[in-house]
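All remarks here apply to the structure that follows.
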Amino acid sequence: MPSHPNPEFLRRAIELATRNVLTGTGGPFAAVIVRDGKIVGDGANSVTQTNDPTAHAEVNAIRAAAKALATFSLAGCELYTSCEPCPMCLSAAYWARLDAVYYGASAADAARAGFDDAFLYAEIRKDSSQRKLPSTQLLSDEAWASFAAWIAAPNKVEY
């Protein structure tokens with residue numbers, strides 16, 4: 001269950017985001033993951049530094065927190081991020097099982113600075129056949145073998 005938001009954690013994310021820009025390290029985004037009133041992971045945008053298009057602040061913070069806590073489930077944790085998460089980062093927050101997301105700047109603020117996620121939100125709402133990025137299913141019967149192996153595996157770790 002989410003606790004009451006603590007603006008100090010959001011201030012920390014904003015500070016990290018600003019520092020990320022001023023040092024030339026990456027974009028104006030940063031995030032911290034909090035559990036029981038303590039930061040357990042943080043991250044700043046490092047897309048251009050690492051040449052990794054998935055190296056958004058929230059994803060980096062989730063990776064850091066999961067490593068620090070030695071778990072893939074961040075249930076019991078909250079995300080404080082300098083800006084409203086993009087669709088990828090919002091999805092990552094759901095996959096991480098975070099309890100809450102608190103953000104500073106809005107997606108509209110990000111768009112004013114040249115980071116416009118509206119296109120991605122619109123694409124996700126479309127049927128896959130109508131999206132700009134072509135997506136075609138192939139080898140569905142063969143691909144099912146992975147799921148059959150998963151279903152039969154006695155040692156799987158469910159998530």
Side-chain angles (χ1 to χ4, degrees), residues 1-2 5 9-10 13-14 16-17 20-21 25-35 40-67 69 71-159:
M1 204 35 109
F9 293 125
L10 188 52
I14 293 166
L16 290 171
N20 205 44
V21 173
T25 307
F29 306 96
V32 299
I33 306 283
V34 175
R35 177 182 231 163
V40 294
D42 65 20
N45 176 286
S46 61
V47 169
T48 57
Q49 179 187 35
T50 61
N51 293 317
D52 178 353
T54 68
H56 288 202
E58 297 89 341
V59 171
N60 288 341
I62 287 168
R63 288 174 179 161
K67 184 176 182 178
L69 297 173
T71 181
F72 56 82
S73 174
L74 298 180
C77 297
E78 300 165 336
L79 171 67
Y80 288 82
T81 182
S82 61
C83 185
E84 186 174 359
C86 74
M88 176 182 69
C89 293
L90 182 59
S91 296
Y94 275 98
W95 278 113
R97 310 293 193 260
L98 291 165
D99 288 5
V101 175
Y102 304 108
Y103 61 90
S106 68
D109 294 330
R112 282 194 353 240
F115 299 93
D116 192 358
D117 298 332
F119 167 76
L120 296 174
Y121 281 108
E123 283 289 292
I124 289 169
R125 286 196 278 296
K126 292 178 183 177
D127 182 84
S128 63
S129 65
Q130 301 301 311
R131 293 180 186 149
K132 185 171 176 84
L133 180 64
S135 177
T136 305
Q137 184 177 19
L138 301 172
L139 304 176
S140 61
D141 290 340
E142 291 178 41
W144 179 253
S146 301
F147 291 111
W150 171 258
I151 291 166
N155 59 345
K156 65 183 167 242
V157 177
E158 302 217 16
Y159 60 98

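Since the structure is predicted, the reported quantities are computational estimates derived from the model, not experimental observations. Note that these values count all heavy atoms, side chains included, but never hydrogens, waters or copies made by symmetry.
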Measure across [X] and [Y] and return the closest heavy-atom pair with its distance rounded to 0.1 Å.
X	Y	result
L79	A93	CD2-CB, 4.4 Å
A31	A61	O-CB, 3.7 Å
M88	V59	CE-CG2, 4.2 Å

Minimum side-chain heavy-atom gap P85-V101 below 4.5 Å = yes
task = Answer whether the closest heavy-atom distance between the side chains of V47 and H56 falls below 4.5 Å.
result =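 In short, these two side chains touch, coming nearer than 4.5 Å.
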Would you compute the distance between atom [atom1] of [X] and atom [atom2] of [Y] and round it to the nearest 0.5 angstrom?
X	Y	atom1	atom2	value
I62	K67	CD1	NZ	16.0 Å
N20	S46	CG	OG	7.5 Å
L90	Y121	CG	OH	5.5 Å
Y102	T81	OH	OG1	13.5 Å
D99	L74	CG	CG	9.5 Å

key: Evaluation steps, side chain to side chain contact (heavy atoms under 4.5 Å, CB included), between I33 and E78   = CA-CA 6 Å; I33 306 283; E78 300 165 336; over 6 Å; no
Which residues share a side-chain contact (heavy atoms from CB on, under 4.5 Å) with [X], sequence neighbours left out:
X	result
L16	R12, R19, A30, V32, D42
R35	V40, L69, C77
D127	S129, Q130

With sequence neighbours left out, write down each residue that passes side-chain hydrogen bond (donor to acceptor under 3.5 Å, both in side chains) with [X], or none if nothing qualifies.
X	value
N45	none
T25	T23
E123	K126
T50	none

Only pairs under 3.5 Å count here: list side-chain donor-acceptor contacts from residues 150-159, not counting sequence neighbours, and write none if there are none.
from	atom 1	to	atom 2	distance (Å)
K156	NZ	W150	O	2.9
K156	NZ	I151	O	3.0

inquiry  = Does R63 form a side chain to side chain contact (heavy atoms under 4.5 Å, CB included) with T54? I'd like the steps, not just the answer.
reply    = CA-CA 11 Å; R63 288 174 179 161; T54 68; 3.6 Å; yes
ask   = Got a donor-acceptor contact below 3.5 angstrom from the E84 side chain to the A107 backbone?
value = yes
message = Checking K132 now: which residues fulfil salt bridge (Lys or Arg N to Asp or Glu O under 4.0 Å) with it, not counting sequence neighbours?
response = none
key: Working for side chain to side chain contact (heavy atoms under 4.5 Å, CB included), residues C83 and Y103   = CA-CA 5 Å; C83 185; Y103 61 90; 5.9 Å; no
Only pairs under 3.5 Å count here: list side-chain donor-acceptor contacts from residues 110-119, not counting sequence neighbours, and write none if there are none.
from	atom 1	to	atom 2	distance (Å)
R112	NH1	D109	OD1	3.1
D116	OD1	A118	N	3.0

message = Which residues pass the ring-ring contact (aromatic ring centres under 6.0 Å, His included) test with W144, not counting sequence neighbours?
response = F147
task = Sequence neighbours left out, what passes ring-ring contact (aromatic ring centres under 6.0 Å, His included) with F9? Give chain and number order.
result =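 By the ring-ring contact (aromatic ring centres under 6.0 Å, His included) rule, F9 matches Y80.
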